[in-house]
Amino acid sequence: MTDKKQELKIKAIENGTVIDHITANKSLHLLKILNLPNEESTNITIAMNVSSKQIGRKDILKIENRELAHEELNQLALIAPKATINIIRDFKNIKKEKIILPDEITSLIKCTNPKCITNFTNEPITPKFKVIEKYPPVVRCHYCERLIKTEEIDSQFE
């Protein structure tokens, strides 16, 4: 019986950020949040719906030559609450951490209540939400107190 070695399906990057354990089929939402690709020099590799021992199916993003800021990474937790971040330098993983959903989210999503003050065009009010549940994410609008569940959050990035 021959041993089957697991192949690396995505090439390693020399420098940059790898986001692993993204909820399956959500990687494109993360790219939208991060406003990527926003320049020609940024190479991005996406693996979607690959098998994972931890979460069943997952996506992976590799962003070359860019280390994402801590604030950027925490915004991703709304879409990928179980994701891990790896900072790569000279092909070595120098830092690994879990994304942490902050207690408050601003500007990333909109309130789904059409009567909320944040949805009036004559009122320039920034949407603000308190995180009620971390997994799966549920947030409450600061202004009208509407609860917004994961499905409604996801639909805003489709």
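We number each residue from 1, following the sequence as shown. Nothing here was measured: the structure is a model prediction, and the numbers come from that model.
Ile132 and Leu101 are members of different hydrophobic clusters when ILVMFWY side chains are connected at heavy-atom separations under 4.5 Å. Note on Ile100: it does not cluster hydrophobically with Leu61, by side-chain heavy-atom contacts below 4.5 Å among ILVMFWY residues. Follow the hydrophobic side-chain contacts under 4.5 Å out from Leu68 and you reach Ile105 in the same cluster.
Atom CZ of Phe157 sits about 7.0 Å away from atom CD1 of Ile109, to the nearest 0.5 Å. To the nearest 0.5 Å, atoms NZ (Lys110) and SG (Cys141) are separated by 13.0 Å. The CD1 atom of Ile125 lies 11.5 Å from the SG atom of Cys111; values are rounded to the nearest 0.5 Å. Here the CD1-CD1 distance, from Ile19 to Ile44, works out to 9.5 Å after rounding to the nearest 0.5 Å. Taken to the nearest 0.5 Å, the NZ atom of Lys96 stands 5.5 Å off from the CG atom of Asn86. Here CG of Asn25 is found 4.5 Å from CE of Met48. Values are rounded to the nearest 0.5 Å.
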Criterion side chain to side chain contact (heavy atoms under 4.5 Å, CB included) on Lys26 and Asp154, from CA distance to verdict: CA-CA 9 Å; Lys26 303 284 183 181; Asp154 286 350; 2.4 Å; yes
Could you check Lys58 against Ile60 for side chain to side chain contact (heavy atoms under 4.5 Å, CB included), going step by step and ending with a plain yes or no? CA-CA 7 Å; Lys58 68 178 181 179; Ile60 303 167; 3.8 Å; yes
Side chain to side chain contact (heavy atoms under 4.5 Å, CB included) between Ile85 and Ile87, worked out: CA-CA 7 Å; Ile85 305 303; Ile87 303 299; 4.1 Å; yes
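More than 12 non-hydrogen atoms from other residues, nucleotides or ligands lie less than 6.0 angstrom from NZ of Lys98. No more than 12 heavy atoms of other residues, nucleotides or ligands shown are found within 6.0 angstrom of NZ on Lys149.
The backbone N or O of Asp90 lies less than 3.5 Å from a partner atom in the side chain of Asn15, making a donor-acceptor pair. For the pair Ser52 (side chain) and Ile55 (backbone), a donor-acceptor distance under 3.5 Å is present. Counting only distance, with no hydrogens or angles, the side chain of Arg57 and the backbone of Asn49 share a donor-acceptor pair below 3.5 Å. The backbone N or O of Ile46 lies less than 3.5 Å from no partner atom in the side chain of Ser27, so there is not a single donor-acceptor pair. Between the Asn93 side chain and the Ile88 main chain, no donor and acceptor come within less than 3.5 Å of each other. For Asn119 (side chain) and Asn113 (main-chain N/O), a donor-acceptor pair under 3.5 Å exists by modelled atom type.
Salt-bridge annotation for Asp20 and Lys62: absent, with no side-chain N of the basic residue lying under 4.0 Å from a carboxylate O of the acidic one.
Heavy atoms only, all atoms of each residue included: Leu30 and Ala80 are closest at CD1-CB, 4.2 Å. Of all the heavy atoms in Thr112 and Pro114, the pair that sits closest is O-CD, 3.2 Å. Closest of all the heavy-atom pairs between Arg66 and Leu34 is NH1-O, 4.4 Å. Thr17 and Glu67 get closest at one heavy-atom pair: OG1-CA, 3.2 Å. Listed here is the closest heavy atom pair of Ile148 and Phe129: CD1-CE2, 3.3 Å. Heavy atoms only, all atoms of each residue included: Ala47 and Val50 are closest at CB-CG1, 4.1 Å.
Under the 4.5 Å side-chain criterion, counting only non-hydrogen atoms from C-beta, Glu14 is not in contact with Glu64. Between Leu78 and Val139 the shortest side-chain heavy-atom distance falls below 4.5 Å. Within the 4.5 Å cutoff, no side-chain heavy atoms of Pro137 are placed close to those of Ile79. Contact annotation: the side chain of Asn43 never approaches that of Asn65 to less than 4.5 Å [non-hydrogen atoms, C-beta and beyond]. Residues Lys115 and Cys144 fail the side-chain proximity criterion, which asks for heavy atoms closer than 4.5 Å.
The side-chain contact (heavy atoms from CB on, under 4.5 Å) search around Pro136 returns Thr150, not counting sequence neighbours.
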